[in-house]
2 protein chains.
Amino acid sequence: MRIRTATDLGAFIRERRTRLGMDQIALAKKAGTSRKWLVEVEQGKPGAEIGLILRALKSLEISIDVEADSPVETTSQGKAKAPDINSVLDSLKKRPLKKQI
Amino acid sequence: MRIRTATDLGAFIRERRTRLGMDQIALAKKAGTSRKWLVEVEQGKPGAEIGLILRALKSLEISIDVEADSPVETTSQGKAKAPDINSVLDSLKKRPLKKQI
DNA sequence: CGAGATAGTAACCGAACGGTGACAGATTGT
DNA sequence: ACAATCTGTCACCGTTCGGTTACTATCTCG
């Protein structure tokens with residue numbers, strides 16, 4: 001499932017928790033947090049800390065994957081991008097020297 | 001890329017940011033946060049709030065997907081699970097009535 | 001009906017977050 | 001050498017998070 005907002009995440013967590021037959025206390029305990037925290041997260045609290053979120057997801061055996069949408073989009077010019085020596089160097093250094101007009 | 005820790009996430013964000021040729025200020029501004037925050041997140045800060053993380057990922061055109069690892073694992077018994085009327089009802093109610101011995 | 005379990009909410013409080021501004025180090029280009 | 005850029009760090013501060021505890025409402029089952 002694609003996650004776009006904290007609400008999405010909360011809904012998914014709740015979905016998974018209930019499907020596993022766990023109550024809020026069980027999950028909170030397993031994730032090393034509090035029930036209050038879980039309630040708020042399941043309601044879509046955007047202020048929840050990523051570390052606790054990750055622990056909760058792990059407790060629910062949920063995997064998270066991130067992926068770059070557009071491959072690179074150098075300067076948003078439709079130009080075809082043939083791999084050249086400079087792009088290779090840039091990839092290695094991961095820091096474009098200039099704006100590469 | 002699979003995300004397991006805040007450090008994984010920070011590394012991926014930095015990777016994507018540099019590959020897009022953005023500096024910290026540019027991304028922070030686009031995501032509506034501060035450069036200090038970005039620095040800490042890229043270093044793997046577990047206390048970062050999920051809402052800001054999501055904004056940053058959106059700014060970098062990064063998609064997040066979550067997925068339940070094991071389909072259901074009713075009681076962790078290797079028993080094969082043929083879909084029966086009860087499981088369907090449970091799925092709808094999303095709340096197992098009992099421990100379903 | 002009544003006991004028990006689950007979930008949502010409230011108040012309180014210490015700890016940590018995030019923003020701002022400034023500074024130092026490193027790197028790049030002139 | 002110099003200026004410009006980018007990054008990491010620091011101190012300060014208002015806001016908010018997360019834990020604890022208690023109370024209430026809802027639902028299930030005996």
Side-chain angles (χ1 to χ4, degrees), chain A residues 5-7 9-60 75 86-87 89-101, chain B residues 5-7 9-60 86 89-101:
Chain A
T5 69
T7 302
L9 185 61
F12 190 81
I13 288 178
R14 171 157 220 161
E15 169 74 21
R16 175 68 172 167
R17 174 178 65 79
T18 55
R19 193 139 296 177
L20 289 179
M22 301 175 69
D23 57 23
Q24 293 174 336
I25 293 181
L27 177 54
K29 189 174 181 180
K30 189 171 184 181
T33 180
S34 67
R35 192 172 71 87
K36 177 200 176 213
W37 179 85
L38 226 201
V39 170
E40 292 170 339
V41 166
E42 290 187 349
Q43 291 174 344
K45 183 180 190 178
E49 300 182 5
I50 186 68
L52 295 179
I53 295 282
L54 291 174
R55 293 222 303 266
L57 294 181
K58 183 170 186 175
S59 298
L60 291 170
T75 319
N86 284 325
S87 70
L89 291 176
D90 286 358
S91 295
L92 291 176
K93 300 191 56 181
K94 291 178 202 162
R95 188 178 174 190
L97 306 180
K98 251 185 170 175
K99 226 36 166 318
Q100 196 172 350
I101 311 163
Chain B
T5 68
T7 303
L9 185 61
F12 190 82
I13 288 178
R14 171 157 220 161
E15 168 74 21
R16 176 68 171 165
R17 175 178 63 79
T18 55
R19 192 139 296 177
L20 289 179
M22 300 175 70
D23 58 22
Q24 294 174 335
I25 295 181
L27 177 53
K29 189 173 179 179
K30 189 170 183 181
T33 179
S34 67
R35 193 172 70 86
K36 177 198 178 217
W37 180 85
L38 226 200
V39 171
E40 293 170 338
V41 166
E42 290 187 351
Q43 291 174 343
K45 183 181 191 179
E49 301 181 4
I50 187 66
L52 296 180
I53 295 281
L54 292 174
R55 292 222 304 264
L57 293 181
K58 183 170 187 175
S59 297
L60 290 170
N86 284 325
L89 290 177
D90 286 358
S91 295
L92 291 176
K93 299 191 58 181
K94 293 180 201 162
R95 188 179 175 191
L97 305 180
K98 253 188 168 174
K99 224 36 167 315
Q100 196 171 353
I101 310 165

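First the proteins, then the strands, lettered A, B, ... as listed; each starts at 1.
OP1 or OP2 of D:dG8 sits under 4.0 Å from a side-chain N or O of B:Arg14. The phosphate of C:dA7 has neither OP1 nor OP2 within less than 4.0 Å of any side-chain N or O from A:Gln43. Regarding contacts with the backbone of D:dT7, a side-chain N or O of B:Arg17 is found under 4.0 angstrom from either OP1 or OP2.
Over its full length, the helix from C:dC1-D:dG30 to C:dT30-D:dA1 turns its helical axis through 50°, comparing axes from the five pairs at each end and rounding to 10°.
Applying the salt bridge (Lys or Arg N to Asp or Glu O under 4.0 Å) test to pairs two or more places apart or on separate chains, those with a residue in residues 38-48 of chain A are A:Arg14-A:Glu42, A:Arg17-A:Glu42, A:Lys36-A:Glu40, A:Glu40-A:Lys45. The list of side chain to side chain donor-acceptor pair (under 3.5 Å) pairs with a residue in residues 21-34 of chain A, not counting sequence neighbours, reads A:Gln24-A:Arg35. For residues 51-60 of chain A, no residue pair satisfies the side chain to side chain donor-acceptor pair (under 3.5 Å) rule, not counting sequence neighbours.
Residue A:Ala6 comes nearest to A:Pro46 through the heavy atom pair CB-CA, 3.8 Å, listed as atom of the first residue, atom of the second, then distance.
At whole-Å resolution of the value, CD1 in A:Ile25 and P in C:dG4 are 16 Å apart. B:Asp23 has its CG atom 14 Å from the C1' atom of D:dG8, to the nearest Å. Rounded to an integer number of Å, the gap from CD of B:Gln24 to P of D:dC6 is 10 Å. Rounded to whole angstrom, the span from the CD atom of B:Glu42 across to the C1' atom of D:dT9 amounts to 15 Å.
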Distances under 3.5 Å only, N/O to N/O: pair up the protein atoms with those of nucleotides 13-15 of chain C.
none

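At least one side-chain heavy atom of B:Met22 sits less than 4.5 Å from a side-chain heavy atom of B:Leu60.
Rounded to the nearest 0.5 Å, atoms CG (A:Leu9) and CG (B:Leu54) are 7.5 Å apart. Rounding to the nearest 0.5 Å places CD1 of B:Ile13 at 11.5 Å from OG1 of B:Thr18.
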Contact pattern, 5' to 3', of nucleotides 12-22 of chain D - B, S or - by protein heavy atom under 4.0 Å:
-----SBBB-B

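Every side-chain contact (heavy atoms from CB on, under 4.5 Å) that B:Ala48 has, sequence neighbours left out, goes to A:Ile50, B:Trp37, B:Val41, B:Ile53. Qualifying side chain to side chain donor-acceptor pair (under 3.5 Å) partners for B:Thr7, counting only residues two or more places apart in sequence or in other chains: none.
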